[in-house]
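What follows is one structure encoded as structure tokens, with my remarks underneath.
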Amino acid sequence: MYFNCEGIILAVIGCKGFAHGINEMNYYPKKYDIIVVGAGHAGCEAALAAARMGCSVMIMTIDLDGIAKMPCSPSIGGVAKGQLVKEIDALGGEMAKVTDKTAIQYRLLNTKKGPAVQSSRTQNDKIRYHITMKEALEKESNIDIKQAMVEKLVVENNHIVGIEDQTGFGYQATAVILATGTFLSGLVHIGFTSIRAGRAGEFASYGLPDNLKELGFTLGRMKTGTPARLKQSTIDFTRFERQEGDANPRPFSLFTKEIKINQIPCYIGHTNKKSHQIVRDNLERSALYGGKITGVPARYCPSIEDKIVRFSDRDKHQIILEPEGIDTEEIYASGLGNSLPMDIQIPFVRSVKGLEEAEIMRPAYAIEYDYVDPLQLFPTLETKRIKGLFMAGQINGTSGYEEAAGQGIWAGINAASKIQKRPPFLLDRSEAYMAVMVDDLVTRGTEEPYRMFTSRAEYRLILREDNAEQRLIEKGNELGLIDDETVKEMKERQKEISAEAHRIKNTLVFPSKRVNDYLVKSGSSPIKNATSLGQILKRPELSYQNIATLDEHTKKIDESIAHKVEIEIKYEGYIQRQLNEVEKFKNLEKIKIPQEFDYTKVHGLSNELREKLLLIKPISLGQASRIPGITPAAISIIMIYLKKGGSLQ
């Protein structure tokens with residue numbers, strides 16, 4: 001089938017995919033560069049990135065009132081997740097900006113640990129988050145927003161050409177990004193009651209996963225869940241420990257100048273022996289333990305049934321009561337997630353001290369959904385089977401708003417780059433957490449909901465929250481997502497950091513009563529000889545503020561600048577070691593493997609390794625080396641064949 005630029009049919013030559021006859025009324029008259037299916041955190045970032053790069057974008061969602069919905073925790077960030085949010089922001093994404101406009105509590109986690117694992121986390125007003133992100137989409141001139149359910153992908157000669165909705169109406173595009181969340185064959189479980197839903201109270205998509213299977217994709221099944229929402233006025237908060245946010249919160253986004261919303265506390269409590277006994281007595285009525293659920297759950301975010309069974313020696317588990325917003329009574333009972341029937345959920349919740357009179361506004365539930373094996377993706381997140389089809393978020397087997405948003409901006413940039421004939425947007429594991437995540441997914445796959453951890457990043461000391469802008473802003477600028485002025489400001493800050501670090505390293509302090517008295521008072525040892533401020537700052541018990549007090553010539557500088565100077569000096573040796581490791585790592589990453597490389601002709605590889613290489617089609621020797629089971633000997637053999645074939649210079 002051929003179309004002119006207005007979408008009018010010029011000729012029909014046996015197009016397949018649309019099932020309800022072919023005439024002008026079957027198609028929306030506008031052809032888009034990119035269609036994004038799904039408007040969760042992945043879909044929103046994908047649509048915005050592609051549109052801001054100049055592409056015409058349509059984002060289609062089952063429910064316009066569900067755009068950027070936070071169906072589980074009312075929070076953004078956390079350990080390793082905060083790094084992802086900062087990286088999205090540095091590339092020109094939206095999540096951090098929306099977070100700062102809707103945050104009701106800020107907390108910096110792991111403050112007593114090193115900078116590599118310090119991460120920001122916010123509590124957010126869910127309704128405001130949805131409205132603010134929806135507004136960003138609506139204001140973007142290159143985005144059209146539609147409400148419909150996608151039933152089929154339209155494919156011609158292994159190229160995506162459009163989609164078909166549940167009414168049989170078609171939309172054309174050069175590229176399509178699937179960001180479907182938990183909606184593919186979604187099934188909500190409350191006890192032994194199972195409801196077809198993508199989230200509680202929302203339609204699930206059953207046609208699209210069937211269509212994906214017809215197109216040859218391998219799908220798997222995963223499970224996640226969410227706890228009950230409790231009515232605030234029925235909770236006795238005096239029985240809980242009050243948890244305040246940071247006194248001087250740091251915004252998530254580089255572009256946020258002021259935090260305007262008042263901060264709200266959370267509350268910490270615990271389950272008890274009575275709570276655990278109620279669960280034990282009713283395990284057979286749990287959807288998870290009663291055999292109703294077949295999907296794979298996440299180990300790192302277990303339900304209360306899992307906690308009680310797996311950690312049977314513990315007589316309590318922590319729960320956190322998190323407000324869902326400023327103008328709502330709903331409280332998110334983190335730690336009480338389960339798949340028990342309602343007649344058990346009520347006494348279970350009320351067994352917790354302070355919740356004796358608690359009213360459940362929304363029950364806890366488990367949800368199963370389909371995902372597509374991410375080994376079927378290139379590192380751009382384009383599928384290997386169908387050209388122009390990209391996937392982002394939970395459809396790739398991940399879990400979490402931040403992981404979804406990171407994949408969304410990655411897929412959106414790559415879809416736009418493909419259309420605009422730009423080089424693919426690819427970062428390596430030494431450049432970003434989101435690159436670690438994508439590489440893990442497309443190289444190793446996942447057999448459980450994937451979550452980002454600091455331990456997954458080999459170079460986490462150089463992938464910190466505080467240097468995300470330094471790592472990625474110029475890349476965002478090259479894509480047209482970050483303006484020149486922002487890059488200029490970043491470079492000025494970097495000059496200031498370098499200059500101050502150089503000054504401190506080269507400024508000597510001499511032993512005196514004033515200096516040594518101050519050091520001892522600060523819990524440090526006195527000095528006996530002239531010592532540089534840099535050497536003193538390396539002491540773990542001292543901070544930049546201590547150095548500023550010791551040195552009368554220190555000028556007052558911005559707190560964020562001081563923080564970065566302190567990290568650069570304190571961890572200088574460790575950072576340099578990681579940079580040296582990165583250089584070795586990049587040597588293998590530089591050796592590219594052509595997509596047409598024929599592994600069947602490479603003698604010396606086992607059939608198992610050959611099958612893995614043919615499935616994953618690594619783009620470099622570096623990626624090939626990270627495929628499970630690939631040995632250094634196999635890498636050497638491939639390198640020899642690349643050299644023989646002229647691919648390796």
Side-chain angles (χ1 to χ4, degrees), residues 1-40 42-44 46-67 134 136-180 183-184 203 205-212 214-215 383 386-392 408 411-412 415-416 418-420:
M1 183 177 294
Y2 297 98
F3 301 90
N4 65 7
C5 60
E6 285 78 33
I8 307 301
I9 301 172
L10 300 178
V12 178
I13 55 168
C15 172
K16 59 181 179 179
F18 291 120
H20 299 282
I22 299 173
N23 55 62
E24 289 183 33
M25 298 304 294
N26 282 117
Y27 302 94
Y28 192 67
K30 178 179 180 180
K31 180 177 179 180
Y32 294 92
D33 290 321
I34 298 169
I35 291 174
V36 179
V37 179
C44 290
L48 288 166
R52 289 166 177 170
M53 288 175 68
C55 291
S56 61
V57 178
M58 181 185 79
I59 184 167
M60 182 172 280
T61 177
I62 293 173
D63 181 8
L64 291 180
D65 294 327
I67 289 174
K134 186 169 184 277
L137 290 172
E138 290 173 340
K139 285 184 174 179
E140 178 50 59
S141 60
N142 283 337
I143 294 178
D144 289 343
I145 309 172
K146 308 287 182 187
Q147 178 171 296
M149 182 184 290
V150 176
E151 286 282 299
K152 291 184 179 180
L153 303 176
V154 187
V155 179
E156 293 180 358
N157 301 319
N158 293 323
H159 283 74
I160 196 79
V161 295
I163 61 170
E164 177 185 339
D165 72 15
Q166 62 185 356
T167 71
F169 192 70
Y171 298 83
Q172 308 158 68
T174 305
V176 170
I177 302 172
L178 296 183
T180 51
F183 283 76
L184 297 184
F203 295 115
S205 171
Y206 277 77
L208 185 55
D210 287 345
N211 181 232
L212 288 168
E214 290 168 5
L215 291 168
T383 67
I386 297 174
K387 294 180 180 178
L389 177 63
F390 295 76
M391 297 185 180
K418 185 179 181 77
I419 288 166
Q420 296 170 351

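Along the sequence shown, residues carry numbers from 1.
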Inset, instruction - Before accepting this row, confirm whether a basic side-chain N of the pair Asp165/Lys152 lies closer than 4.0 Å to the acidic partner's carboxylate O. - result: no

Inset, instruction - Taking all heavy atoms of Ile177 and all of Ala392, pick out the closest pair and write down the distance. - result: CG2-CB, 4.4 Å

Inset, instruction - Mind checking the CG-CG spacing from Leu184 to Leu178? Nearest 0.5 Å is all I need. - result: 8.0 Å

Legend entry - Derivation of the side chain to side chain contact (heavy atoms under 4.5 Å, CB included) call for Asn211 and Glu151: CA-CA 7 Å; Asn211 181 232; Glu151 286 282 299; over 6 Å; no

Legend entry - Value rounded to 0.5 Å, distance of CD1 in Ile35 from OH in Tyr28: 11.0 Å

Inset, instruction - Output the distance between atom NZ (Lys146) and atom OH (Tyr32), rounded to the nearest 0.5 Å. - result: 4.5 Å

Inset, instruction - Output yes when a side-chain donor or acceptor of Thr61 lies under 3.5 Å from a complementary backbone atom of Leu64, and no otherwise. - result: no

Legend entry - Straight-line distance of Met60 CE to Asp144 CG, nearest 0.5 Å: 10.5 Å

Inset, instruction - Mind checking the CG-CG spacing from Leu212 to Leu153? Nearest 0.5 Å is all I need. - result: 5.5 Å

Inset, instruction - Would you kindly say whether Lys31 and Tyr171 are connected by a side-chain donor-acceptor distance under 3.5 Å? - result: no

Legend entry - Contacts of Ile62 that satisfy side-chain contact (heavy atoms from CB on, under 4.5 Å) - sequence neighbours left out: Met149, Phe183, Phe203

Inset, instruction - Report, as yes or no, whether the 6.0 Å neighbourhood of atom NZ on Lys387 holds more than 12 heavy atoms from other residues, nucleotides or ligands. - result: no

Inset, instruction - State whether the side chain of Gln420 and the backbone N or O of Met53 hold a donor-acceptor pair below 3.5 Å, judged by distance alone. - result: yes

Inset, instruction - For the pair Asn157 (side chain) and His159 (backbone), establish whether a donor and an acceptor sit closer than 3.5 Å, ignoring hydrogens and angles. - result: no

Inset, instruction - Could you verify whether a donor N or O on one side chain and an acceptor N or O on the other, from Asp33 and Thr174, lie under 3.5 Å apart? - result: no

Inset, instruction - Would you give the length of the straight line joining atom CG of Leu215 to atom CG of Asp210, rounded to the nearest 0.5 angstrom? - result: 11.0 Å

Inset, instruction - Might you point out which heavy atoms bring Ala415 and Ile34 nearest each other, and give the distance in Å? - result: CB-CD1, 3.7 Å

